[in-house]
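Structure first, commentary second.
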Amino acid sequence: MAANAMAKRKGVSAKRVGQLCGTFRSFSHWLNEHHQQLVTGPILATLISFAGLPGTGKSTISRALSVATGAVYLRIDEIDAAIWAIDPDRDIGPESYHIAAALAASNLDLGHTTIIDCVNPWEITREIFTAAAKRSKASFLGVEAICSDPVTHRARVEGREMDVPGLEKPDWQKVLSRDYTPWAAADVKLDMARLPVSDAVAEIERHL
């Protein structure tokens, strides 16, 4: 009725008035959704880079974090497995880290916070991801997972099931002998011998 009355007064069809009203409603809906971004500017994405020895809980935390925040989840193990499926004898160096960094950057450029799940053992590997965040003008959050109780850590290593086809399960001795440099500059340090996964996720979210 209101659209018909307006059409008669303005000399336009009721159909056209209805279209204009629909357009206005769509714009109002868009404005409500983007109000905060329009006021404060674009919300920067974050590259969340994990580090830690196998069995410290990195994958469990990062998956739970992805579900909680909607962040993109990238796992180095999956990239390694895909490479070995094509070339089983290949000695993979830093290639999988560079691939993950490139995938992360493409998502960061779209405004998607991205999680990278990997051992990330040295300063040189960590720099690959900090550089990717800088290229995308995104913020960076380094997260190191440890397990300070060796009995608990060993039980997790020996009791874990490999969920990536083609990857070999590391034994406890290999974990102990792994060349890994503690990440002194990590923004968040999580001792998963004591911390429930939900609390670990909450602690990371507090830093975002």
Side-chain angles (χ1 to χ4, degrees), residues 47-68 71-104 114-132 140-204:
L47 195 161
I48 304 169
S49 176
F50 275 80
L53 288 169
T56 54
K58 300 182 306 299
S59 296
T60 302
I61 302 164
S62 54
R63 285 172 174 163
L65 181 64
S66 176
V67 171
V72 174
Y73 172 64
L74 301 174
R75 187 178 181 184
I76 294 288
D77 283 349
E78 298 279 2
I79 298 173
D80 288 343
I83 294 172
W84 278 320
I86 298 169
D87 185 359
D89 297 323
R90 180 161 185 160
D91 182 14
I92 301 176
E95 293 99 326
S96 53
Y97 279 73
H98 286 290
I99 292 169
L103 293 172
T114 303
I115 299 164
I116 297 183
D117 171 16
C118 57
V119 173
N120 206 4
W122 311 302
E123 194 64 35
I124 192 171
T125 59
R126 296 157 192 167
E127 179 56 33
I128 292 171
F129 301 128
T130 56
F140 180 85
L141 188 72
V143 180
E144 183 177 42
I146 66 168
C147 184
S148 61
D149 181 355
V151 175
T152 299
H153 192 183
R154 180 172 186 170
R156 289 176 180 170
V157 169
E158 295 179 343
R160 70 190 297 192
E161 294 185 6
M162 297 307 293
D163 56 350
V164 180
L167 288 191
E168 179 183 346
K169 178 179 175 178
D171 61 30
W172 177 237
Q173 194 55 48
K174 285 183 179 179
V175 172
L176 289 179
S177 60
R178 184 94 182 228
D179 183 8
Y180 179 87
T181 302
W183 197 357
D187 302 291
V188 182
K189 291 179 178 289
L190 305 170
D191 185 352
M192 298 310 295
R194 303 180 177 88
L195 204 60
V197 172
S198 58
D199 289 353
V201 170
E203 179 64 14
I204 296 169

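The structure presented is a predicted model; accordingly, all values stated were derived computationally and were not measured.
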Review item, side-chain donor-acceptor pairs of residues 115-125, under 3.5 Å, at least two apart:
from, atom 1, to, atom 2, distance (Å)
D117, OD2, S59, OG, 2.6
D117, OD2, Y73, OH, 2.7
N120, OD1, T125, OG1, 2.8
N120, OD1, R126, N, 3.3
N120, ND2, S49, OG, 3.0
N120, ND2, F50, O, 3.1
W122, NE1, D179, O, 3.1
W122, NE1, D179, OD2, 3.3
T125, OG1, W122, N, 3.2
T125, OG1, W122, O, 2.8

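Across every non-hydrogen atom of D187 and G142, the tightest pair is OD2-N, 2.7 Å. Smallest separation of non-hydrogen atoms from P170 and M162: CD-SD, 4.3 Å. Considering every non-hydrogen atom in both I128 and A101, the closest pair reads CG2-CB, 3.6 Å. Taking each heavy atom of V151 and D149 in turn, the nearest pair found is N-OD1, 3.0 Å. Contact between A64 and V201 at its shortest, heavy atoms only, is CB-CG2, 3.7 Å. Of all non-hydrogen atoms in P165 and A81, the two that sit nearest each other are O-CB, 3.7 Å.
A distance of 8.5 Å separates CE in M192 from CG in D199, rounded to the nearest 0.5 Å. Here CG of D80 is found 9.0 Å from CD of E95. Values are rounded to the nearest 0.5 Å. Rounded to the nearest 0.5 Å, atoms CG (L65) and CD1 (I48) are 4.5 Å apart. From Q173, atom CD reaches atom CZ of R154 across 8.5 Å, with rounding to the nearest 0.5 Å. Going from atom CG of L74 over to atom CD1 of I99 covers 11.5 Å, rounded to the nearest 0.5 Å. The CG atom of L53 sits 13.0 Å away from atom CZ of R156, with the distance rounded to the nearest 0.5 Å.
No donor-acceptor distance shorter than 3.5 angstrom exists from the side chain of T56 to the backbone of C147, with no hydrogens or angles considered. Looking only at distances, a side-chain donor or acceptor of K189 sits under 3.5 Å from a matching main-chain atom of W183.
Remark: R178 engages no residue in a side chain to side chain donor-acceptor pair (under 3.5 Å) (not counting sequence neighbours). The salt bridge (charged side-chain N to carboxylate O under 4.0 Å, His left out) test applied to R194 returns D191, not counting sequence neighbours.
A salt bridge does not link K58 with D77: every distance from a Lys NZ or Arg NE/NH1/NH2 to an Asp or Glu carboxylate oxygen is 4.0 Å or more.
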